[in-house]
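Chain naming here is simple, since letters A, B, ... match the order of the sequence lines and numbering starts at 1 in each. Quick note: numbers below take in every heavy atom, side chains included, and nothing from hydrogens, waters or symmetry partners.
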Amino acid sequence: MRILHLHCDHVEFTPTKKEIPAAEDIAPETVRVEEVLAAFIAVEKGDDDTVASKAMFQIGNVMERLGCTRLLLYPYAHLSADLAPARIALDILTAMQQQSKYSETYRSAFGWTKSYAIHVKGHPLAEGLKIVRSGGKDGSESDALSAESKIVSYWYIMTPDGTMTPLKDYNFTKNQSLEVLARYESAKKRGGDDRPPHVALMKRLAIADYEPASDQGNMRFYPNGRLIKSLIERYVTKSVREYGGFEVETPIMYDSDHPSMIKYFNRFPARQYSIDSEGRQLFLRFAACFGQFLIAHDFQMSYKNLPYKLYELTRYSFRREQSGELAGLRRLRAFTMPDCHAFCANMSQAISELDVRFNLSKDVLHEMGIEQDRYEVAVRLTEDFYNENKDVVLNLVRQHNKPILVEMWKERFFYFVLKWEFNYIDSVGRATSLSTDQIDVENGDHFGIEFVDSNNKPQNPIILHNSPSGAIERVIYALLENASHKLKKGEKPTFPLWLCPTQVRIVPVHDDTIPFATKLASYMNRRMVRTDIDERNESLGKRVREAEKEWIPYIIVVGSKEAANGLDGELSVRDRRGGSIINITIEQLISDIREEVRGKPWAMLNQPGLLSKRPQIMV
RNA sequence: GCUUCGAUAGCUCAGCCUGGUAGAGCGUUACCUUGGUAAGGUAAAGGUCGCGGGUUCGGAUCCCGCUCGAAGCUCCA
């Protein structure tokens with residue numbers, strides 16, 4: 001912020017016309033002030049509330065020295081070439097006005113073209129320039145964010161029989177991972193300092209890696225990783241479509257001055273990627289909410305249409321987390337987020353929909369190979385909501401059939417009255433939220449979303465925000481952590497069969513058997529079983545070993561015996577999960593695999609079918 | 001953002017303390033090998049030791065600054 005302060009005999013100004021869309025709504029009247037310190041102010045990028053207080057402190061010092069008691073705050077863009085977005089500038093100017101200790105504090109209208117006359121006193125201290133920068137550890141934390149840290153929470157554990165026990169009185173001996181979550185969230189105590197195991201695995205399996213040429217937290221996905229990610233994306237989308245969500249696609253960037261965005265944007269200004277485009281400041285979405293709300297705003301809805309559900313899988317949502325907070329696939333700056341909003345006519349409809357989505361989320365995680373023993377449920381809600389709807393929480397804990405963590409707030413601070421999350425607990429003691437749903441009582445009004453009720457009166461819907469799986473990258477993180485959990489227990493790590501980049505690896509014993517191997521592989525691929533062939537000039541033992549290192553569930557070694565028997569004969573199949581070599585026909589193997597992956601999306605191999613044709617991606 | 005640690009071959013890392021010809025394993029390439037269920041053999045290619053400065057006859061190595069990365073902290077709408 002730059003402040004040009006002038007000690008004046010008098011200042012007179014008249015707003016003549018609105019200059020920008022965000023201009024204040026005021027009646028344009030001429031104002032004349034005598035014996036005043038006129039502070040011409042340009043609010044710059046990165047300025048925040050701390051700048052407002054610092055500026056007022058400095059202005060106070062000047063006022064005292066001059067013996068002046070009248071202050072005029074005059075927004076003046078021409079002092080800087082690096083201005084803050086209009087809405088933020090207005091917020092800060094308003095904050096300065098409110099913080100002023102002078103009873104006669106004037107502020108000229110923001111966003112208006114003004115004519116003005118000024119008479120500056122002729123003494124040495126009459127003119128000065130101050131430059132104020134934001135301080136503190138995170139320069140542009142908003143008011144909302146700092147207020148958030150002051151929220152008072154009450155923590156409980158609720159058991160399936162409905163008992164609520166204050167956290168400090170609960171005995172965790174039988175629920176160690178819930179204790180991890182509880183400590184993690186309430187005491188803000190974190191786990192060990194081991195490197196997260198999934199990072200090494202994501203590299204070794206050629207799934208994903210850091211991209212040094214991008215910003216931190218923006219990953220590259222190799223063919224194997226892209227295949228896995230794409231299958232998960234398709235599966236989640238399919239599940240939400242079957243549940244009744246209708247898929248839309250919305251822009252990834254929004255105008256930070258758009259009236260509906262202001263509140264969202266200002267809440268976390270330091271956490272956005274922003275882009276300048278022809279003088280407008282755009283920010284990259286950090287969720288799918290705006291896009292869907294802006295669509296719903298333009299719908300003509302009746303109560304008969306509700307509940308109505310919109311869905312988008314955002315690739316990507318962006319959150320510019322602090323650099324030190326990023327961690328492998330667990331915490332990113334660009335991530336893929338399925339987000340399904342249900343517009344509900346009233347609270348009872350919202351509550352019954354919440355229940356459906358809780359089960360949807362549970363099923364989705366289960367089908368992806370993330371079971372209930374790997375995650376813990378947290379429910380956060382306001383005291384009022386709890387008192388009026390105790391059975392809602394009770395119902396959730398019964399469905400989960402394990403104790404859950406409850407965080408209760410005296411008053412509503414966020415836009416929701418209730419939120420639940422499934423928190424994955426990893427092997428190094430970290431909790432990471434996957435699925436979530438919220439009951440939002442604010443944004444229907446805020447985004448002007450309306451439906452007409454049975455009395456022909458417009459109403460704002462209650463909105464549920466559900467991500468049935470959480471970020472797709474996090475699902476992969478959880479699958480890799482599951483695998484590393486198995487490793488620690490001395491078991492063989494695996495992916496769910498439908499997600500394996502290669503489901504069957506064929507290893508020909510001898511060059512003569514390559515034609516048969518090729519015939520076999522192409523038959524299986526046509527039958528939707530991802531099959532490849534390792535015909536490299538390597539020893540049999542080495543090729544089997546490498547297939548095992550890739551976690552390939554089935555390895556078929558074909559020699560002259562199999563080639564002679566043809567497609568009808570029995571094959572010698574190494575079953576990784578069963579831990580033995582089985583003799584089975586091709587038809588039986590295909591039908592076993594097809595049975596196991598039934599209902600899941602399928603894609604063909606995303607690599608050359610012959611290993612000799614593949615570049616080495618990772619060691 | 002703060003603290004700590006790190007940056008040497010495509011990858012994983014040794015060498016640095018104690019300055020003097022740039023190392024290993026894996027991978028890649030070629031040849032040999034034709035092997036029946038977790039590593040067959042031989043050889044070759046491959047490096048501006050992150051960038052800049054300083055000390056020194058001489059710096060991957062010691063000193064200073066910078067850049068980038070990771071972990072932890074704070075944080076996670």
A/F286 over B/A77, stacked by centroid distance under 5.5 Å, angle under 30°
yes
Heavy-atom closest contact (A/G470 atom, A/P338 atom, distance)
O-CD, 3.3 Å
Please determine, for B/C2, whether a Watson-Crick or G-U wobble partner exists with both distances under 3.5 Å, and give it or none.
B/G72
Check against side chain to side chain contact (heavy atoms under 4.5 Å, CB included), A/R380 and A/S153:
CA-CA 9 Å; A/R380 298 152 204 275; A/S153 294; over 6 Å; no
What pairs of nitrogen or oxygen atoms, one from the protein and one from nucleotides 39-42 of chain B, lie under 3.5 Å apart?
unit_1 : atom_1 : unit_2 : atom_2 : d
B/A39  : N7     : A/R545 : NH2    : 3.4
B/A39  : N6     : A/R545 : NH2    : 2.7
B/A39  : N1     : A/R545 : NH2    : 3.0
B/G40  : OP1    : A/S539 : OG     : 2.8
B/G40  : OP2    : A/S539 : OG     : 2.5

When rounded to whole Å, the CG to P distance for the pair A/L434 and B/C76 reads 18 Å
Within 45 degrees of the axis of the six-membered ring of A/Y154 and under 6.0 Å from its centre: does A/K410 put its NZ or CZ there?
yes
Strictly under 6.0 Å, is that where the ring centroids of A/F290 and A/F283 end up?
yes
Touch class at under 4.0 angstrom, heavy-atom based, for A/S560 against every strand present
base
Verify the contact: side-chain N or O of A/Q216 to OP1 or OP2 of B/G69, cut-off strictly under 4.0 Å; return yes or no.
yes
Centroid-centroid distance, A/F293 to A/H465, less than 6.0 Å
yes
Would you say the ring centroid of A/F358 lies under 6.0 angstrom from that of A/F422?
yes
Which nucleotide, if any, forms a Watson-Crick or G-U wobble pair with B/U29, using both distances under 3.5 Å?
B/A43
Please state whether the rings of A/F318 and A/Y273 are parallel, tilted or perpendicular, taking 30° and 60° as the class boundaries.
perpendicular
Rounding to an integer number of Å, can you tell me how far A/Y210 OH sits from B/G6 C1'?
14 Å
Under 4.0 angstrom, heavy atoms only, what part of the nucleic acid is A/E562 near: base, sugar-phosphate, or nothing?
base
Taking atom types as they are modelled, is there a donor-acceptor pair under 3.5 Å from the base of B/G1 to the side chain of A/E321?
no
Against the side chain of A/R576, the closest entry in B/A38, B/A77, B/G1 is B/A38
Calculate the interatomic distance between A/D512 atom CG and B/G36 atom C1'; express it in whole Å.
15 Å
Length of the line joining A/F422:CZ and B/C76:P, which is rounded to integer Å:
22 Å
Could you tell me how far apart A/Q616 (CD) and B/C11 (C1') are, to the nearest whole angstrom?
9 Å
When you look at A/V507 and A/V558, which way does the side chain to side chain contact (heavy atoms under 4.5 Å, CB included) test go after all the steps?
CA-CA 6 Å; A/V507 181; A/V558 297; over 6 Å; no
The side chain of A/V544 lies closest to which of these nucleotides: B/A38, B/G36, B/A77?
B/A38
Among B/A38, B/G36, B/A77, which nucleotide has an atom closest to any side-chain atom of A/F416?
B/A77
Candidates B/G35, B/C76, B/G27 - which lies nearest the side chain of A/E546:
B/G27
Tell me which residues in residues 325-333 of chain A lie within less than 4.0 Å of RNA chain B, going by non-hydrogen atoms.
A/E325, A/L326, A/R331
How close or far is atom P of B/A77 from atom CZ of A/R412, stated in whole angstroms?
17 Å
Nearest heavy atoms of A/F516 and A/L567, plus distance in Å:
CE1-N, 4.1 Å
Once you apply the 3.5 Å cut-off to both distances, tell me the Watson-Crick or G-U wobble partner of B/C57, or none.
B/G20
Starting at atom CZ of A/F283, determine the distance to atom P of B/A77, rounded to an integer number of angstrom.
17 Å
A/H297 and A/F447: aromatic ring centres closer than 6.0 Å?
no
How close or far is atom C1' of B/A38 from atom CH2 of A/W551, stated in whole angstroms?
16 Å
